[in-house]
Undergrad: 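This is the structure I have questions about; it appears just below.
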Amino acid sequence: MGLNQSVPKITAQDRAILDLKLQRDKLKQYQRKIQVILDQEYEIAKSYLAAGDRDRATIALRRRKYQQSLLLKTDGQLENLEQLVSTIEFSLVEISVLHGLKQGNEVLKEIHREMSVESVEKLMGETQEAREYQLEIGNLLANQLSVDDEEAVQEELRQLQVQSTRPELHAELPSVPAEQPVTTETQESPAKEARERVPVPG
């Protein structure tokens, strides 16, 4: 699965930016080195002055001044490099935006080609032709029917229209019972009642 991953393509612009950043890093290293030398020359000048050797202290301070001028030059070069890197990176972003705009314009042109006035008119014409063809078939079928058949068709059509516009009426009927009804006897039969009456001797 990982074998098919595409390796990002390194362009000439990428290489140019990388080279500029490497030069910038080298300049920063050089600046750090000069700063160390400046500190050393200052300490040397102090030690010579303490020892009473004014000439050597002056030479150390001159060397220090020269290193400071180099440091200022590297600051300017570093600033130029960083501006150049930023300009190139921003230009690449602008190119990417322009490329996106160009693709968007191509898509819009394609949509306009598909939705041209001619294609819409053609579609409308085809729709009209289909309607006319349907009407022609309807007329041919109507000519094949007798007057009675045509009247029956028209009557059926009217009934369909009435049914489609009138809401359907559903009669609410009671549901069928699921169990057998149980009857309760409210009055006892006369024979049973006669049997249960027993005369009491007086």
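Worth knowing before you read on, the calculation uses all heavy atoms, side chains too, and leaves out hydrogens, waters and symmetry mates. The model shown is predicted, which means the values in this text are computed figures rather than measured ones.
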Undergrad: Within a reach of under 6.0 Å around CZ of R56, are more than 12 heavy atoms found that belong to other residues, nucleotides or ligands?
TA: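 Atom CZ in R56 is not crowded, with 12 or fewer foreign heavy atoms closer than 6.0 Å.
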
Undergrad: Contact between L71 and T74 at the side-chain level, heavy atoms closer than 4.5 Å - yes or no?
TA: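 When only atoms from C-beta onward are counted, T74 and L71 do touch, with a gap below 4.5 Å.
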
Undergrad: Less than 4.5 Å apart, any side-chain heavy atom of L27 and any of R24?
TA: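 Side-chain contact under 4.5 Å: no.
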
Undergrad: Please check if I59 and I44 belong to a single hydrophobic cluster, counting links between Ile, Leu, Val, Met, Phe, Trp and Tyr side chain heavy atoms closer than 4.5 Å.
TA: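 Not linked; separate clusters.
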
Undergrad: Of the options Q161, E156, E155, which is the one that meets R158 in a side-chain hydrogen bond (donor to acceptor under 3.5 Å, both in side chains)?
TA: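 Among Q161, E156, E155, the one meeting side-chain hydrogen bond (donor to acceptor under 3.5 Å, both in side chains) with R158 is E155.
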
Undergrad: To the nearest 0.5 Å, what is the distance between CZ (R63) and CD (Q40)?
TA: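 Answer rounded to 0.5 Å: 10.5 Å.
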
Undergrad: Applying the 4.5 Å side-chain criterion to the ILVMFWY set and letting contacts propagate, would L78 and Y30 be lumped into a single cluster?
TA: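 No, L78 and Y30 fall in different hydrophobic clusters.
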
Undergrad: Measure the spacing between CG of D39 and CD1 of I34 and express it to the nearest 0.5 Å.
TA: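 These two atoms lie 12.0 Å from each other.
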
Undergrad: Are Y66 and L61 in one and the same hydrophobic cluster, where Ile, Leu, Val, Met, Phe, Trp and Tyr link if side-chain heavy atoms are under 4.5 Å apart?
TA: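 No, Y66 does not connect to L61 through the hydrophobic network.
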
Undergrad: Thinking salt bridges, do E41 and K46 make one under a 4.0 Å N-O criterion?
TA: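 No salt bridge links E41 with K46.
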
Undergrad: Does any non-hydrogen side-chain atom of R32 lie less than 4.5 Å from one of Q35?
TA: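 They are not in contact (no side-chain heavy atoms under 4.5 Å apart), so the answer is no.
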
Undergrad: Which atom names give the shortest non-hydrogen contact between A45 and A57, and what distance separates them?
TA: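 Answer, listing the atom of A45 first, then A57: O-CB, 3.5 Å.
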
Undergrad: With rounding to the nearest 0.5 angstrom, report the CD to NZ distance, Q23 to K26.
TA: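 These two atoms lie 5.0 Å from each other.
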
Undergrad: Please examine the side chains of K33 and Q29, heavy atoms only from C-beta on, and report whether any two atoms are closer than 4.5 Å.
TA: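 They are not in side-chain contact.
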
Undergrad: Between K21 and E89, is the salt bridge (Lys or Arg N to Asp or Glu O under 4.0 Å) condition met? List the steps.
TA: CA-CA 12 Å; K21 287 182 177 179; E89 287 177 338; 3.2 Å; yes

Undergrad: Between CG of D75 and CG of N80, what distance do you get to the nearest 0.5 Å?
TA: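 Reported value, rounded in 0.5 Å steps: 11.0 Å.
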
Undergrad: Quick one: pull up CG in D55 and CG in D53 and give me the separation to the nearest 0.5 Å.
TA: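 Going from CG on D55 over to CG on D53, the span is 6.0 Å.
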
Undergrad: Indicate, with yes or no, if L92 and V85 share a hydrophobic cluster defined by side-chain heavy-atom contacts under 4.5 Å among Ile, Leu, Val, Met, Phe, Trp and Tyr.
TA: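 Yes.
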
Undergrad: Once you round to the nearest 0.5 Å, how far does CZ of R64 lie from CD of E43?
TA: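 That separation rounds to 9.5 Å.
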
Undergrad: Within a strict 4.5 Å, meaning less than it, do heavy atoms of the Q67 and L70 side chains meet?
TA: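 A side-chain contact exists here, since the closest heavy-atom pair is under 4.5 Å.
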
Undergrad: Give a yes or no answer on whether the side chain of S91 reaches the backbone of T87 with a donor-acceptor pair at less than 3.5 Å.
TA: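 Flag set: sc S91 to bb T87 pair under 3.5 Å.
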
